[in-house]
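Only one structure is covered here, and it is reproduced in the block below.
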Amino acid sequence: MSSPPSIVIVDDHALFRSGVRSEVEDLVDVVGEAGTVEEAVRTIGETRPDVVLLDVHMPGGGGVEVIRRVAASDPGQRFLALSVSDAAEDVIAVVRAGARGYVTKSISGEELAAAIGRVRDGDAVFSPRLAGFVLDAFAGSVPEEEIDPELDQLTMREREVLRMIARGYMYKEVAQQLDISPRTVEAHVSAVLRKLQLSNRHELSRWAAERRLVD
Amino acid sequence: MSRTGPERVSLAAGIAVTLIGGLLCLDQLDVLSIHDWVTAGWSGAFIWPLVLALAGAALLWAGTRRPAQAPDPPPYRTRLQPRPVAEPLPPADAQADAETRILDLYRGGFGIALVVGAALLFLTQIDALGAARDAAFTAIVAIFALALILAPFIWRLGRNLAEERAERVRSQERAEMAAHLHDSVLQTLTLMQKRADDPREVAALARRQERELRDWLAGEEEAGGDGGFAAALRSAAEEVEDAYLVQIEVVTVGDRPLDEAGGAVVGAAREALTNAAKFAAEGGPISVYAEAGATGVEAFIRDRGPGFDPDDAPPDRRGVRESIVGRMQRHGGSATIAAVPGAGTEVALRIEAAER
């Protein structure tokens with residue numbers, strides 16, 4: 001942890017942007033804000049923040065569109081999705097587009113800052129809810145011949161880690177509980193994120209479509 | 001388009017009458033001579049026009065007898081003018097409506113033509129029309145021309161009516177949404193302003209409203225719960241949230257119908273949540289995680305409170321513990337209560353269930 005990470009906040013609600021800003025201002029360096037997709041692409045290009053805090057739902061294509069357009073010129077840009085929406089399909093869509101994690105807007109300022117730090121360092125951030133979504137998405141069986149073991153299945157260990165996160169354990173506590181190092185927990189979570197982004201598992205899209213706005 | 005019984009009957013009658021009328025015309029023009037072998041003189045002059053006229057009248061009656069559309073209630077108005085939300089597609093019946101209206105139009109025209117034809121035929125047969133035939137022909141041509149001119153207007157009128165109805169349905173939906181927001185969100189916001197000095201109460205109000213709004217957005221069928229295990233667990237958590245003004249995060253994976261095993265887990269989970277809400281609410285949100293599948297249910301309730309040693313618990317907590325562990329055991333499951341390294345307590349509930 002050297003200097004505090006620089007962030008850009010992208011959300012179409014000005015009230016919410018200022019709320020987040022005041023909560024994390026002491027812990028991170030807020031270098032910009034944006035309220036639309038256009039503005040976001042421009043601001044991110046100009047300020048080149050360590051992490052973009054990205055709202056999932058925005059007029060004009062939402063967070064997915066911002067990621068798509070920024071990635072075209074700067075594939076290394078890191079995003080953390082932040083949303084009130086718990087709709088699985090939206091969350092999975094933004095993570096598959098390239099966000100390195102998802103947290104709900106009810107997160108505390110301190111936790112948010114910690115999550116931003118982890119995304120800056122290239123790790124993945126899974127909230128309990130995202131962990132639940134992923135477990136749900138990777139549940140069930142796939143026909144043998146279609147399985148790409150590299151991408152279409154979670155290992156036992158990854159599943160265990162996700163379950164602990166879904167139960168509300170912090171990474172540190174997961175490590176303690178499973179008797180592994182926190183770095184290993186990070187590695188497992190990053191592996192799950194990669195699978196989530198790269199898996200062509202057809203169930204993943206079907207599953208997301210089936211769960212429109214559940215809860 | 002499927003036709004109903006009466007419609008089919010009148011259609012058949014119309015076709016039959018057309019055929020008979022055609023034969024009769026041929027007869028009149030001396031191409032056929034049914035005239036001679038059916039009857040001579042007066043009786044023929046009466047019967048065929050009568051048949052035609054009755055058929056025409058029947059068609060007209062069939063058209064008017066259909067029950068008129070119930071008038072739409074006047075749109076509900078509130079002071080809140082809602083923003084137009086996603087415009088619903090024009091309702092499917094507007095389309096069907098226009099179609100039946102056109103059908104009615106055709107049927108009516110056909111009936112009128114039959115009756116007029118019958119009258120003409122009768123007049124010809126008793127020779128009252130001899131001189132007036134030219135005038136009648138002129139009149140028929142004039143009526144035909146008039147029909148050609150009026151048809152597009154009538155057509156447009158029908159379409160405008162359909163559009164108007166669709167618009168009314170839309171504005172009604174908007175009014176309903178406005179009414180709902182008024183009864184729920186605005187009320188809650190007012191309450192929150194009044195209780196601004198009690199953060200816990202405000203948070204609880206906001207959370208309850210959020211839940212209610214989410215359910216409403218998700219649609220009625222999900223709001224009521226589908227009777228599954230996940231929905232029951234969630235509503236148990238909501239009850240505890242409301243009763244103790246705490247925050248509970250519920251994450252569920254999979255689902256199964258709410259049977260005895262699932263019910264036992266929900267009941268025990270409710271006890272565990274109540275316990276956590278009473279003694280450990282200060283530590284932060286309480287987490288609930290449950291996995292339900294074909295073979296059983298597992299649920300974890302974890303708080304970030306001070307934690308306790310189950311064997312060294314005060315009697316009131318032991319009572320709760322009994323009701324959790326005891327309940328699970330009675331249903332053939334198990335419950336373990338463990339202090340989590342760091343802080344807090346986790347209750348783990350497990351039960352196996354028969355596949356459904």
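Numbers restart at 1 for each chain; the letters A, B, ... are given by sequence-line order, proteins then strands.
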List for me each residue that meets ring-ring contact (aromatic ring centres under 6.0 Å, His included) alongside H13(A), sequence neighbours excluded, and say none if there are none.
-> none
Has R302(B) got its NZ or CZ under 6.0 Å from the middle of the six-membered ring of Y169(A), at an angle within 45 degrees of the ring axis?
-> yes
Apply side chain to side chain donor-acceptor pair (under 3.5 Å) to E33(A) and list each qualifying residue two or more places apart in sequence or on a separate chain.
-> R17(A), R21(A)
Does a sphere of radius 6.0 Å around CD in E110(A) hold more than 12 heavy atoms from other residues, nucleotides or ligands, not counting ones at 6.0 Å or beyond?
-> no
Less than 4.5 Å apart, any side-chain heavy atom of Y289(B) and any of I165(A)?
-> no
Shortest non-hydrogen contact between E291(B) and L135(A), atoms and distance | OE2-CD1, 4.5 Å
How close do S287(B) and G168(A) get, heavy atom to heavy atom, and via which atoms?
-> OG-CA, 3.7 Å
Pi-cation contact, F300(B) with R167(A) (under 6.0 Å, within 45°) = yes
D136(A) and T252(B) have their tightest heavy-atom pair at OD2-O, 4.4 Å
